[in-house]
Amino acid sequence: MEPVIDQAETYGIPAEYPTNPVEVTNDQVSGDNYWNRSRIRLSALYQHSVYAVAAALIDELQLGSVTDVGCGVGTKLKLLHDAKPSLSIRGIDQPDAIELCKKLHPFGDWEAADLSVACGPSPVKSDLVICADVIEHLANPDLLLDRLRQQLKPGGYILISTPARELLHFPDPMHRPIAHHVREWSSEEFNHYLGSRGFTVLRQEHHLPLKPSLHFHCLQIYLPRILRGKPLKTNQVYLLQPANPR
């Protein structure tokens with residue numbers, strides 16, 4: 001695996017922060033398939049609250065179309081489809097994930113793409129663009145933010161989430177990111193970063209990273225944090241609009 005990080009660019013994070021040097025979740029970089037059987041089984045748990053927020057927004061604002069950038073195997077998009085079958089759904093992710101989406105979910109339009117490279121204008125634009133816990137995996141997050149803009153209709157909304165470093169690694173806010181993340185922002189850093197890239201933050205919240213359940217994996221994550229007095233709501237979730245819509 002070749003290093004892919006430009007260490008000169010901190011993207012709003014202090015220069016002394018110990019960034020992981022490789023995009024290990026990029027299949028082209030790692031030579032592996034990120035969406036193994038274990039992650040597919042657990043996909044219904046992670047970022048569940050982000051899609052609950054999305055469902056509420058779709059109802060509240062009467063939105064008719066959604067694009068999910070980094071949709072994984074589409075598990076949570078199926079929940080949106082089941083709740084609102086008329087919703088136009090589009091998912092974008094790595095080829096292996098999109099191959100599974102096409103097999104499992106006939107309701108959506110699925111596009112294979114490398115999210116770590118620049119993209120051109122999108123011919124298809126949506127009222128709501130979701131990007132749930134993707135940006136921390138990428139070497140150049142600016143390219144992802146530009147992709148989100150390209151997918152958005154004028155007046156549309158972006159819903160983006162990422163771990164809040166000061167909560168995830170409490171009480172050590174400068175803790176090295178977990179192995180599959182290139183970098184992790186604190187809540188204050190990410191808010192400032194989004195503003196510096198031309199986005200208006202309409203709403204900022206903290207949510208649970210996994211859907212609460214008696215599933216062993218969920219208990220394995222939450223029980224130690226409860227016993228050690230660590231925060232449980234470690235995901236920062238933002239509702240955005242471009243300050244200067246395209």
Which atom of C131 lies closest to which atom of L144, heavy atoms considered
SG-CD2, 3.6 Å
Show, in sequence, the C-alpha distance, side-chain angles and deciding distance for D142 and Y193, and conclude whether the side chain to side chain donor-acceptor pair (under 3.5 Å) test is met.
CA-CA 10 Å; D142 286 349; Y193 169 62; 2.6 Å; yes
Shared ILVMFWY cluster between L232 and Y46, side chains joined below 4.5 angstrom?
yes
Between A55 and L80, which heavy-atom pair has the shortest distance, and what is it?
CB-CD2, 3.7 Å
Any chance the side chains of S186 and E166 put a donor and an acceptor closer than 3.5 Å?
no
Where the side chain of R183 meets the backbone of A139, is there a donor-acceptor pair that is under 3.5 Å apart?
yes
Is any side-chain heavy atom of V53 closer than 4.5 Å to a side-chain heavy atom of H207?
yes
Minimum-distance pair of heavy atoms, taken over all atoms of S161 and I135
O-CG2, 4.5 Å
Any salt bridge linking R90 with D68? Criterion: basic side-chain nitrogen under 4.0 Å from a carboxylate oxygen.
no
V66 reachable from L61 in the ILVMFWY side-chain graph, under 4.5 Å edges:
yes
Taking the side chain as C-beta and beyond, is there a heavy-atom pair between I92 and L115 under 4.5 Å?
yes
Whether R203 engages the ring of Y238 as a cation-pi pair (distance to the six-membered ring centre under 6.0 angstrom, angle to the ring normal within 45°) should be assessed.
no
Do the side chains of Q204 and N191 get nearer than 4.5 Å, heavy atoms only?
yes
Can you name the side chain to side chain contact (heavy atoms under 4.5 Å, CB included) partners of D114, sequence neighbours left out?
N26, Q28, S116, V117
Got a second to check how far T19's OG1 is from E9's CD, nearest 0.5 Å?
10.5 Å
Within a strict 4.5 Å, meaning less than it, do heavy atoms of the K78 and F107 side chains meet?
yes
Audit row: H105, W110, side chain to side chain contact (heavy atoms under 4.5 Å, CB included) steps and yes/no
CA-CA 9 Å; H105 309 306; W110 309 105; 3.6 Å; yes
Quick one: pull up CG in N33 and CG in D27 and give me the separation to the nearest 0.5 Å.
5.0 Å
Should we say atom NZ of K84 is surrounded by more than 12 heavy atoms from elsewhere, each under 6.0 Å from it?
yes
Salt-bridge contact R165-E189 (side-chain N to carboxylate O under 4.0 Å):
yes
Would you say P209 and H48 make side-chain contact, with heavy atoms under 4.5 Å?
no
Side-chain donor-acceptor pair present, D93, Y34, cut-off under 3.5 Å:
no
Using atom types as modelled and distance alone, determine if a side-chain donor or acceptor of K76 lies under 3.5 Å from a backbone N or O of C71.
no
Atom CD of Q47 and atom CG of D133: how far apart are they, to the nearest 0.5 Å?
4.0 Å
For residues H180 and T25, is any side-chain donor paired with an opposing acceptor at under 3.5 Å?
no
Could you tell me the separation between the CG atom of L100 and the OG atom of S43, rounded to the nearest 0.5 Å?
10.0 Å
In this structure, CD1 of I40 is separated from CH2 of W35 (nearest 0.5 Å) by 7.5 Å
Is any side-chain heavy atom of L152 closer than 4.5 Å to one of K125?
no
Taking the side chain as everything from C-beta on, heavy atoms only, tell me whether V134 gets closer than 4.5 Å to V69.
no
Check P212 against C218 and note the closest heavy-atom contact, atom names and distance.
CA-SG, 4.0 Å
Any idea which heavy atoms bring L159 and V50 closest together, and the distance?
CD2-O, 3.4 Å
Main chain of S65, side chain of D127: is a donor-acceptor contact present, judged purely on distance under 3.5 Å?
yes
Applying side chain to side chain donor-acceptor pair (under 3.5 Å), run through T200 and Q241 and close with a yes or a no.
CA-CA 5 Å; T200 299; Q241 283 187 313; over 6 Å; no
Does a sphere of radius 6.0 Å around CD in E188 hold more than 12 heavy atoms from other residues, nucleotides or ligands, not counting ones at 6.0 Å or beyond?
no
Scanning both residues in full, the closest heavy-atom pair of P177 with P18 reads CD-O, 3.2 Å
Judged by atom type as modelled, is there a donor-acceptor pair below 3.5 Å linking the side chain of Q236 to the main-chain atoms of P163?
yes
Between H206 and T234, do the side chains contain a donor N or O and an acceptor N or O under 3.5 Å apart?
no
Look at the rings of H217 and H215 and say which category their plane angle falls in: under 30° parallel, 30 to 60° tilted, over 60° perpendicular.
perpendicular
Pairing donors with acceptors under 3.5 angstrom, does anything connect the side chains of Y11 and N140?
yes
Working note: V182 + E23, criterion side chain to side chain contact (heavy atoms under 4.5 Å, CB included); need CA distance, chi angles, decisive distance, verdict.
CA-CA 6 Å; V182 171; E23 275 185 343; 4.0 Å; yes
Does Y157 form a side chain to side chain contact (heavy atoms under 4.5 Å, CB included) with L128? I'd like the steps, not just the answer.
CA-CA 5 Å; Y157 299 88; L128 177 65; 4.0 Å; yes
Give a yes or no on whether K230 atom NZ has more than 12 heavy-atom contacts from other residues, nucleotides or ligands under 6.0 Å away.
yes
Can you check whether L240 reaches L194 side chain to side chain, under 4.5 Å on heavy atoms?
yes
Audit row: T162, E184, side chain to side chain contact (heavy atoms under 4.5 Å, CB included) steps and yes/no:
CA-CA 8 Å; T162 192; E184 294 159 354; over 6 Å; no
Sub-3.5 Å donor-acceptor pair from the side chain of N20 to the main-chain atoms of I178, do we have one?
yes
CZ on R225 to CZ on F170, rounded to 0.5 Å:
9.5 Å
Does the cation-pi check pass for R149 over F199, that is, NZ or CZ under 6.0 Å from the six-membered ring centre and within 45° of its axis?
yes
